[in-house]
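Remarks on the structure that follows.
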Amino acid sequence: MTGAMAFVSSRAPFFMLGGVVIGLAIPPLAAGLRPLVVPISIVMVVVSMLRVEPARLAATFRRPVFVALSGLFVLVVLPALTYLVAIAAGLPGWLATGLTYASAAPPLSSAAAFAILVRIDPALVTGVSLTAILIAPGTVWLITTALPGLGEGVALGALVLRLLGIILGALAAALLVRRLVGEARVGSWGNALDFATVMLVVLIGIGVMHDIGIAFRSDALSWLGILALTALLSLVSLLVTIAVFWPAGRDEAFAAALCASIKNMAVMVAAVLGTVDPRISLVVITAQFPIFLSPLVMRPLFSRLRASGAA
């Protein structure tokens, strides 16, 4: 059983894509899981929080300047640039807003698992990702109020409160479990937690395909355009973050870039559903696709950059 869980976790992107394929191929299943997307997303956030090791996290915070600057860059600078570029390019307001909220989503708290997958320092990634998660409700409120027009079609108070409730509630639940069960036992659950995260993402992927399927069947070309823009957003965020943080060090640049690309769209989907224009929700839901593929891009890219740096 342990071997099977490790196998699934090591091939997480492929299984995540499998959920997408199943959701599109079996619309009744997607429709049945659609009402469960929010609760499943919340459970996934709790499971992800359990993967955070307090001792390793504390060690990462010995570099507070890097952790703070990378978190603010990922959650404030990149979303602001996304919105400004989208508006300058003449994209409709709802599309610019959707791309901005996709960019403003916090990194996965289990991003360390992806760090291991693409062979970079998981401790650095953990420090940046958890810090960014905790400040995400504040940064979402900040960019929405600071950028003119971004709040159109958004119930900002409900969005921020829901995001805050999900993140703090998940963190409190994870800390409670650690206290009741013990650090050692939770630490031994590593493979099981990674496996559970992948399976939960698969279920979320199937459920959100209900919305995607409707959009695709009604206007396939428009949805493919949204998909292309979200993929471009993910790739450009990755490359820009590497370039910005490269002077700080290779490992630092890789860690910040992974957090800029591996976003917790589940928590953002749970936050935006019912609080924003449905077209904005569609963009955020679609932005999950590139996340499934990004590790396949990161691993060879990081290897190439690591080799060129050594040379």
Side-chain angles (χ1 to χ4, degrees), residues 5 8-9 12 16 19 33-61 67 71 75 104-116 122-123 125-141 157-208 259 262-275 284 288 291:
M5 290 191 294
V8 171
S9 300
M16 293 172 181
L33 284 174
R34 173 61 177 76
L36 300 177
V37 166
V38 171
I40 292 173
S41 299
I42 294 171
V43 172
M44 198 207 80
V45 178
V46 175
V47 172
S48 298
M49 289 287 188
L50 282 170
R51 199 66 174 90
V52 175
E53 299 176 19
R56 177 176 286 182
L57 180 63
T60 309
F61 288 140
V67 169
L75 292 184
L108 276 171
S109 54
S110 59
F114 285 88
I116 294 169
V125 171
T126 298
V128 175
S129 63
L130 188 57
T131 302
I133 289 166
L134 295 177
I135 66 172
T139 56
V140 167
W141 175 85
L159 171 61
V160 172
L161 286 175
R162 184 181 289 184
L163 191 59
L164 185 66
I166 292 170
I167 290 173
L168 293 184
L171 178 60
L175 291 174
L176 179 61
V177 170
R178 282 187 172 275
R179 184 169 183 83
L180 294 175
V181 175
E183 292 289 336
R185 181 170 293 182
V186 173
S188 69
W189 293 348
N191 284 338
L193 292 174
D194 290 343
F195 173 78
T197 298
V198 174
M199 291 297 98
L200 290 168
V201 172
V202 169
L203 292 175
I204 293 167
I206 294 172
V208 298
C259 289
I262 302 291
K263 294 299 191 75
N264 193 337
M265 285 301 164
V267 70
M268 188 56 82
V269 168
V272 300
L273 287 176
T275 64
V284 175
Q288 294 181 102
I291 294 171

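FYI, the numbering just counts along the sequence from 1.
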Heavy-atom closest pair (Ala158 atom, Thr275 atom, distance to 0.1 Å) is CB-CG2, 3.8 Å
So which heavy atom on Val125 is nearest to which on Cys259, and how close? O-SG, 3.8 Å
Taking the side chain as everything from C-beta on, heavy atoms only, tell me whether Val140 gets closer than 4.5 Å to Met268. yes
To the nearest 0.5 Å, what is the distance between CD1 (Ile262) and OG (Ser129)? 11.0 Å
Tightest non-hydrogen contact, residues Val186 and Leu193, listed as O-CD1, 4.4 Å
Pairing residues for Arg162 by the salt bridge (Lys or Arg N to Asp or Glu O under 4.0 Å) criterion, not counting sequence neighbours: none
Donor-acceptor check, side chain of Thr131 to backbone of Val128, threshold 3.5 angstrom: yes or no? no
Kindly write out the residues that satisfy side-chain contact (heavy atoms from CB on, under 4.5 Å) with Ile40, not counting sequence neighbours, or none if the list is empty. Leu36, Leu200, Leu203, Ile204
In Å, rounded to the nearest 0.5 Å, how long is the span from CG of Leu163 to OG1 of Thr139? 8.0 Å
Quick one: closest heavy-atom pair of Ala132 and Pro106, and the distance? O-CB, 4.2 Å
Any donor-acceptor pair under 3.5 Å from Lys263 side chain to Pro107 backbone: no
Which residues pass the side-chain contact (heavy atoms from CB on, under 4.5 Å) test with Ala172, sequence neighbours left out? none
